[in-house]
Amino acid sequence: MSVTAGSPPLDRLKALLAEIADLRHAEFLLDWDSRVSMPRGGADARAQSAATLTRLMHERLVSDEVSGLLEALDGVEEEDDAALVRVARREWERASRVPAELAAEMAHAAGVGVAAWDRAKAASDFDSFAPHLERQLELKHRYIECFPETQTAYDVLLDDYEEGTTTADVLHVFDRLKEELVRLIERRAGDGSPVLHGPFPVEQQQRASRIVLDAFGYDETMWRIDETPHPFASKMGVGDVRLTTHTEEGDLISLFSTMHEFGHGVYEFEIDDAYARSPLGLGTSSAIHESQSRMWENLVGRSPDFWRWFYPQLQPLFPEALGGVEEEAFVRAVNAIRPGPIRGDADEVTYGLHIILRFELEQELLAGTVAVPDLPEVWNARVKEYLGVDVPDDAHGVLQDMHWSIGFFGYFPTYQLGNVVSVQIWERARADLGNLEAQFERGEFGSLREWLRERIYRHGSKYTLRELLTRVTGSELDPEPYLQYLRTKFA
Ligand code: ZN
């Protein structure tokens, strides 16, 4: 069936949105390729093509035809159609504020910025990255000016990732977390938890990860996993989910980051195929996304029940490193609180402070109260203050994350909101599913996955974070269950 101009408005809107989704598919693939297999030298050319794709998507979305169709469909009643119109209208409203030229400039700066960051990080040379950070801040200010009615500049950025969540909402949660996390760290630092020492040969780690993925429900015909410096997950379209991980011989972090990325992947994988090629066919918010990655990584993957099943399989893969390590000691080692400079390696307690630090600094950068040239010094001082840790160099400090290089300001808070949300959802799953512990001990994860699919994954972007939380847990965003979980586990 061809859906041309003059077709019923809903069919026509869906057809136009499907074309935009196809362009996004191509954009995701370009992004995946640039992070997994593209030679470094291709960065400038790739930034050009990504900018062109972004401009094409933008122009299609803000067209007069889409605007007319959205108006004609105002008040459509069927539930899924109403959700589609709501999400499409929100995308249209936000995009129509931003000139296509600025959208393309931002995409281009991201491509160039990430390549510059990659080089700067390898050389631990902040000065070479500083002009790119200045450029990103300049673009962010121009972007924020497109939304003059929004209360604070930071709200504009936050709203891109977490619809309807304000800086004040985040502060409300983070202020509460900060006092408790600092207290927990003071009480637990240096508690004598064992430290694991390699070698953990890369090939054996990949075998171990694969055993876990298979038990979680990884399907080779629709998933793949590759090695990258910075792990991520993305779904190109139905039946094509891609995970990445980063494996080093000295530690077992890759195993946990694989479980983390699986959580992102399975969320996208299980979205109802009926939403394919539409704005509903993506995860609904960054915090819900992160709640799922953290759930599979921490609430499942660091639980003693999980290890009762998996340690007997892991141990023989690393006879040299783990031959003399009892299961109980191993579980304590992978759950120890150990303040360090790197967010990606952080334990569940110190992680929150890494995020709070970034949340504060990016607001200060935007407000101009911290100048770019001073950033490394301010960063190092704040890491020392919050975590008691000395930052050895910029690669392990201000340059460790790629986010700012691609213009992701306002994104970091969603990581910690995701931790908070993960425990709210977890409590409800445990109440509904009964003895999950016994299932994990047998290596069975299907009933948890099915529960999550039914209540969260299949809905894609149909509900906002707030609606979904209320539907699933009956409550609003609330840090208390998360804090209670940490206190029970660590205090
Ligand atoms: Zn994540």
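For reference, positions follow the sequence shown, starting with 1.
Within 6.0 Å of atom NE2 in His172, 12 or fewer heavy atoms from other residues, nucleotides or ligands are found, so the atom counts as exposed in its surroundings. Heavy-atom contacts from other residues, nucleotides or ligands closer than 6.0 Å to CZ of Arg60 number 12 or fewer. Open room surrounds CG on Asp64; 12 or fewer heavy atoms of other groups in view lie less than 6.0 Å from it. Taking a 6.0 Å sphere around CD of Glu385, one finds it holds more than 12 heavy atoms contributed by other residues, nucleotides or ligands. Heavy atoms of other residues, nucleotides or ligands lying less than 6.0 angstrom from CH2 of Trp92 number 12 at most.
Both the sub-6.0 Å distance and the 45° axial angle are not jointly satisfied by Lys178 relative to the ring of Phe174. Tyr411 does not carry Arg358 over the face of its six-membered ring by the limits of under 6.0 Å from the centre and within 45° of the normal. Relative to the ring axis of Tyr351, Arg294 places its NZ or CZ within 45° and under 6.0 Å from the centre.
Judged purely by distance below 3.5 Å, without hydrogens or angles, the side chains of Asp155 and Thr167 pair a donor atom with an acceptor atom.
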Decide side chain to side chain donor-acceptor pair (under 3.5 Å) for Thr470 and Glu467; before the verdict, give the C-alpha distance in whole Å, the side-chain angles of both, and the deciding distance to 0.1 Å. CA-CA 5 Å; Thr470 316; Glu467 289 167 343; over 6 Å; no
For Phe412 and Phe408, what are the C-alpha separation, side-chain angles and deciding distance, and is it a ring-ring contact (aromatic ring centres under 6.0 Å, His included)? CA-CA 8 Å; Phe412 280 120; Phe408 273 33; 9.2 Å; no
Worked verdict on Gln136 versus Trp404 for side chain to side chain donor-acceptor pair (under 3.5 Å): CA-CA 7 Å; Gln136 284 296 352; Trp404 293 342; over 6 Å; no
Could you walk me through whether Glu360 and Tyr386 satisfy the side chain to side chain donor-acceptor pair (under 3.5 Å) test, starting with their C-alpha distance in whole Å, then the side-chain angles of each, then the deciding distance to 0.1 Å, before giving a yes or no? CA-CA 12 Å; Glu360 292 171 355; Tyr386 290 178; 2.5 Å; yes
Verdict with supporting geometry, Ser285 and Glu162, side chain to side chain donor-acceptor pair (under 3.5 Å): CA-CA 6 Å; Ser285 87; Glu162 220 42 78; 2.7 Å; yes
Set out, in order, the CA-CA distance, both residues' side-chain angles and the distance that settles salt bridge (charged side-chain N to carboxylate O under 4.0 Å, His left out) for Glu362 and Lys140, then state yes or no. CA-CA 11 Å; Glu362 56 189 16; Lys140 284 296 127 178; over 6 Å; no
For Arg242 and Val36, run side-chain contact (heavy atoms from CB on, under 4.5 Å): C-alpha distance rounded to whole Å, both residues' side-chain angles, the deciding distance at 0.1 Å, then the answer. CA-CA 11 Å; Arg242 305 181 186 202; Val36 175; over 6 Å; no
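Listed here is the closest heavy atom pair of Glu480 and Asp478: N-OD1, 3.0 Å. Minimum heavy-atom separation, Gln400 to Ile342: OE1-CA, 3.3 Å. For Leu177 against Pro479, the heavy-atom pair with the smallest separation is CD2-CB, 4.2 Å. Pairing each heavy atom of Thr247 with each of Ser254, the nearest pair is OG1-OG, 3.0 Å. Residues Ser278 and Tyr275 come closest through the heavy atom pair OG-O, 3.0 Å.
Considering Arg466, Arg90, Arg94 in turn, Arg90 is the only one that fulfils the salt bridge (charged side-chain N to carboxylate O under 4.0 Å, His left out) rule with Glu163. The residue from Trp296, Tyr457, Phe262 that alone fulfils the side-chain contact (heavy atoms from CB on, under 4.5 Å) condition with Tyr267 is Tyr457.
With salt bridges taken as basic N to acidic carboxylate O contacts below 4.0 Å, none links Arg142 and Glu145. Under a 4.0 Å N-O distance rule, the pair Glu93/Arg97 does not qualify as a salt bridge.
For the pair Asn380 (side chain) and Glu377 (backbone), a donor-acceptor distance under 3.5 Å is absent.
The aromatic rings of His289 and His264 sit tilted, their planes meeting at an angle between 30° and 60°.
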